[in-house]
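Down below is the structure, laid out as structure tokens.
Per chain, numbering begins at 1; letters A, B, ... match sequence-line order.
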Amino acid sequence: MKFSKIFLPTLKDAPSDAEVVSHRLMVRAGLIRKVASGIYNYLPLGLRVIRKVENIVREEMNKAGAQEVSMPMVVPSELWQESGRWEVYGKELLRIKDRHERDFCLGPTHEEIITDMVRGEVRSYRQLPLNLYQIQTKFRDEIRPRFGLMRGREFIMKDAYSFHATEEDADKEYQNMYDTYCRIFERCGLKFRAVEAETGAIGGRFSHEFMVLADTGEDAVASCNKCNYAANVERAEIKSQGSGVRGQGSEKDKPLEKVSTPGMKTVEEVSGFLKTAPERLIKTLIYNSDKGIIAALVRGDHEMNEAKLKRTLDASWLNLADEEAVRKATNAPSGFAGPVGLKTKIIADYSIQTIINGITGANEADAHFINVNLDRDFKVGTFGDLRMVVADDLCLRCADGKLEIFRGIEVGHVFKLGTKYSEAMNATFLNEKGEEKSMIMGCYGIGIGRTAAASIEQNHDEKGIIWPMPLAPFHAHLIPLNVNDKAIMTTAEAVYKNLINAGLDVFMDDRDERAGTKFNDADLIGIPIRITVGSKALKESSVEIKMRKAADVSLIKIDDVKKKVLEIVSSGR
RNA sequence: CGGGGCGUAGCGCAGCCUGGUAGCGCACCUGCUUUGGGAGCAGGGUGUCGGAGGUUCGAAUCCUCUCGCCCCGACCA
């Protein structure tokens, strides 16, 4: 492909709405253009990269025994009603009506459709297992799309679904997909980690996320500095610290006292006003759930982890009570709730056990209690691990490890679904004994565009993108320095044809531009191998070859170019 | 959905407060010179100033409504 022919608009300035480096560079390097919030055009160069990722995914999935299918993007509401998610999924599900006023949605994920497809055909355990996948455009009406392809509303995803007759077989496939994902992201040249994760809206039993390490990542991951435990902070468990017994310290219990705290609602305000450390405060959060109104306590310097709370309560839904419900439960405006004298069920994080002479809301406006002590002043129904992990928390899985927090971009996610969808949608089969059983399912997703974006987050410099060879839109970038020089152009054309005949993807900048312009565009676009044809090297029957990621330039005889480039490309980096 | 901000040339922005008939840099077009890291000179403006309505002799500028986009938050008392 030649620059003069390709539709490749590069930009010196990035549009002001591009925040993160991958978004800026994708726009500047002419890979994508925005159509609407979270919705993008893929330009030729961008599509090439997308295709590279897709093909790696496709090859590895096929190798792992999965089969490619394609399902519709527009899905009738009935299937979603059957699974119950039409009600549950919320506003992210873009609902549309056809001309007959029938409800449809744009598929954000395809558990319902695939389950419907499989249940229609599979009757016997002999037809199992199955692993079907597609690479397709999804739509999720995200609250706040951002960061270009990183969190779009419309995005390309590989989603795979497996069906099994037994738990063991499903577990085996889960491991198979886990291993496959590791191979895929390794082939993409990414630094990543697989971490334990929450299952979220997809549901299911357990899951792992594949996180590309990047400071701009939207997720935080806790990982042990001693053992191989790693989990999304949403999920990460904490070894309860201390003995769990109050009063170990030298401090004596003081009498309970009510103090005036006009307008002081937040932990910062109260601790600042009373001149104490936030860890002395007991934060009281009033929740509404299917288990009734709950008061949940965490230490002032900690954050509640609702996923943990939900699990500990065994609740199926849970949300923070609104102002009115808070008043009803505590007789006070929000901001002044506390466990003392509270009638509702109280659940607390382990860390509450060790607070001596704590501070809580007094369940009346503009007042807090100080010197609050567990058991003497209030009772807790259940203790549990309820809070978000922070750096240096102790690892639950090993003896003396501490947790570190790093940021990551979620590029893949594997779920063991179990029978959530097969039961709801009646996807059954007959086993050897002729018994009717629900199929055991798994599902496995990879964000294609996000993987490309994540690669840029990890591989760039101030000049532009530095593609790893497997994702690069072209293998080599050929630059004839002066298109009006006959000797240079003859050589460049010869090298171009020679490399193409060798099966390589070659990009030639045949524009009548100055050297600086071409070099800068080359650095921006980030093709791994740069070959420069100029008069200096030509005198020695040579061209210059430079790797995008390296600084050094080497001369190479024109006759040896093909061999050299093939060598670099096949070495994979 | 709540708060804040922005919408002026393809991109980045100024002008708006204090109304007077639209500008800067880059890009783009023409010509000449130049040609190894974003060239120089000369010429060219490519715009419903997001849209609609209003105030006014006169609106990019003031007012109202509306649309779009961006940022922060959106359960953290």
Side-chain angles (χ1 to χ4, degrees), chain A residues 9-20 23-24 27-28 30 33-39 90-91 141-148 261 263-271 278 281-289 294-307 309-310 317-323 325-327 329-330 332-339 349 359-363 365-366 368 386-388 463-464 479-485 488 509 511-524 530 532-538 543-544 546 551 553:
Chain A
T10 60
L11 256 33
K12 273 191 192 175
D13 298 310
S16 56
D17 60 10
E19 280 272 300
V20 295
H23 185 194
R24 267 203 303 275
V27 174
R28 285 190 54 210
R33 285 291 185 267
K34 184 165 71 180
V35 177
S37 181
I39 300 175
K91 287 189 185 166
D141 203 355
E142 293 278 349
I143 285 177
R144 196 144 86 82
R146 62 187 123 180
F147 303 155
T261 51
M264 304 290 161
K265 293 183 166 207
T266 65
V267 167
E268 296 76 51
E269 286 164 359
V270 173
S271 61
L281 268 65
I282 299 172
K283 207 149 67 174
T284 306
L285 281 58
I286 309 296
Y287 282 92
N288 215 335
S289 79
I294 309 283
L297 313 183
V298 287
R299 225 168 66 183
D301 59 328
H302 289 153
E303 282 186 43
M304 179 63 72
N305 180 328
E306 287 191 2
L309 179 61
K310 206 169 132 189
W317 61 269
L318 177 87
N319 45 47
L320 211 66
D322 58 24
E323 180 74 29
V326 171
R327 270 179 193 279
T330 67
S334 72
F336 299 97
D349 184 69
I359 298 162
T360 75
N363 296 324
D366 301 330
H368 278 73
L386 302 181
R387 68 177 174 90
M388 288 287 190
K463 290 260 169 185
I479 302 181
L481 281 177
N482 185 347
V483 296
N484 301 314
D485 183 316
I488 288 177
D509 193 344
R511 297 173 300 173
D512 186 7
E513 290 286 350
R514 327 198 99 232
T517 303
K518 294 188 178 189
F519 287 140
N520 279 305
D521 271 342
D523 289 342
L524 176 61
R530 190 182 85 189
T532 308
V533 184
S535 47
K536 270 189 285 184
L538 213 52
V543 295
E544 289 168 20
K546 176 186 172 296
V553 177

*asked:* Once side-chain hydrogen bond (donor to acceptor under 3.5 Å, both in side chains) is applied, do any residues pair with A:K463, and if so which ones, sequence neighbours excluded?
replied: A:N520

_Suppose we screen for salt bridge (Lys or Arg N to Asp or Glu O under 4.0 Å). Which residues come up paired with A:E142, at least two apart in sequence or across chains?_
A:R151

*Separation of atom CZ in A:R530 from atom C1' in B:rG36, rounded to whole Å*: 10 Å

*Any donor-acceptor N/O pair under 3.5 Å between B:rG36 base and A:N482 side chain*: no

*With both distances under 3.5 angstrom, what nucleotide forms a Watson-Crick or G-U wobble pair with B:rU30?*
B:rA42

*asked:* So, using side-chain hydrogen bond (donor to acceptor under 3.5 Å, both in side chains) as the criterion, who are the partners of A:D521 when residues are at least two apart?
replied: A:T10, A:R511

*Calculate the interatomic distance between A:D366 atom CG and B:rA77 atom C1'; express it in whole Å.*
13 Å

*asked:* Need one value for A:K536: base, sugar-phosphate or nothing, where a base atom within 4.0 Å counts as base even if backbone is also close, heavy atoms only.
replied: base

*asked:* Base, sugar-phosphate or nothing for A:V270? Non-hydrogen atoms, less than 4.0 Å.
replied: nothing

*Grab the NE2-P distance between A:H302 and B:rA77 for me, whole Å please.*
14 Å

*Base, sugar-phosphate, or nothing for A:R511, non-hydrogen atoms under 4.0 angstrom?*
nothing

_Whole-angstrom distance between B:rG31 and B:rC67, as gauged at atom P_ = 48 Å

*In the 5'-to-3' direction, what one-character label does each nucleotide of nucleotides 1-13 of chain B receive under the scheme B = base within less than 4.0 Å of a protein heavy atom, S = sugar-phosphate only, - = no such atom?*
----------SSS

*Value in whole Å for how far the C1' atom of B:rC72 lies from CZ of A:R146*: 9 Å

_Check: A:K518 side chain, A:P480 main-chain N or O, donor-acceptor pair, under 3.5 Å_ = yes

_Please pick, from B:rG36, B:rG38, B:rC76, the nucleotide with the shortest atom-to-atom distance to any side-chain atom of A:A515._
B:rG36

*Begin with the C-alpha distance, continue with both residues' side-chain angles, and end with the deciding distance and a verdict on side-chain contact (heavy atoms from CB on, under 4.5 Å) for A:T330 and A:I286.*
CA-CA 9 Å; A:T330 67; A:I286 309 296; 3.9 Å; yes

*Interatomic distance, A:K283 NZ vs B:rA77 P [rounded to whole Å]*: 5 Å

*asked:* Checking A:K34 now: which residues fulfil salt bridge (Lys or Arg N to Asp or Glu O under 4.0 Å) with it, not counting sequence neighbours?
replied: A:D17

*Mind checking salt bridge (Lys or Arg N to Asp or Glu O under 4.0 Å) for A:D13 and listing every partner two or more places apart, or none if nothing turns up?*
none

_So A:F336, base contact, sugar-phosphate only, or nothing? Heavy-atom distance under 4.0 Å._
sugar-phosphate

_A:L285, nearest nucleotide to its side chain (from B:rG38, B:rG37, B:rC76)_ = B:rC76

*If you look at every strand shown and take non-hydrogen atoms under 4.0 Å, does A:R28 touch a base, only sugar-phosphate, or nothing?*
base

*Could you check how far NZ of A:K463 sits from P of B:rG38, rounded to whole Å?*
8 Å

*Quick one: side-chain hydrogen bond (donor to acceptor under 3.5 Å, both in side chains) partners of A:N482, sequence neighbours excluded?*
none

_Whole-Å gap separating P (B:rA77) and OH (A:Y287)_ = 11 Å

*Could you pull out all residues at least two apart from A:R514 that satisfy salt bridge (Lys or Arg N to Asp or Glu O under 4.0 Å)?*
none

_Distance between C1' atoms of B:rU18 and B:rC62 (Å, rounded)_ = 11 Å

*At under 4.0 Å between heavy atoms, which parts of nucleotides 40-45 of chain B does protein reach? Answer with one letter per nucleotide, 5' to 3': B base, S sugar-phosphate only, - none.*
------

*Quote, to the nearest angstrom, the C1' distance that separates B:rC6 from B:rC16.*
14 Å

*Proximal nucleotide (of B:rG36, B:rC70, B:rA77) relative to the A:F519 side chain*: B:rG36

_Students often get this wrong, so: under 4.0 angstrom with heavy atoms, is A:S37 touching a base, only sugar-phosphate, or nothing?_
sugar-phosphate

*With a 4.5 Å limit on heavy-atom distance, are the side chains of A:L11 and A:V27 in contact?*
yes

Please list, for nucleotides 27-34 of chain B, all pairs of protein and nucleotide N/O atoms separated by less than 3.5 Å.
unit_1 : atom_1 : unit_2 : atom_2 : d
B:rU34 : O2     : A:R514 : NH2    : 2.8

*Mate of B:rA52 where both pairing distances stay under 3.5 Å, Watson-Crick or G-U*: B:rU64

_Base, sugar-phosphate or nothing for A:E19? Non-hydrogen atoms, less than 4.0 Å._
sugar-phosphate

*Taking side-chain hydrogen bond (donor to acceptor under 3.5 Å, both in side chains) as the test, write out the residues that go with A:D141, two or more places apart.*
A:R153

_Please enumerate all residues that pass ring-ring contact (aromatic ring centres under 6.0 Å, His included) together with A:H302, with sequence neighbours excluded._
none

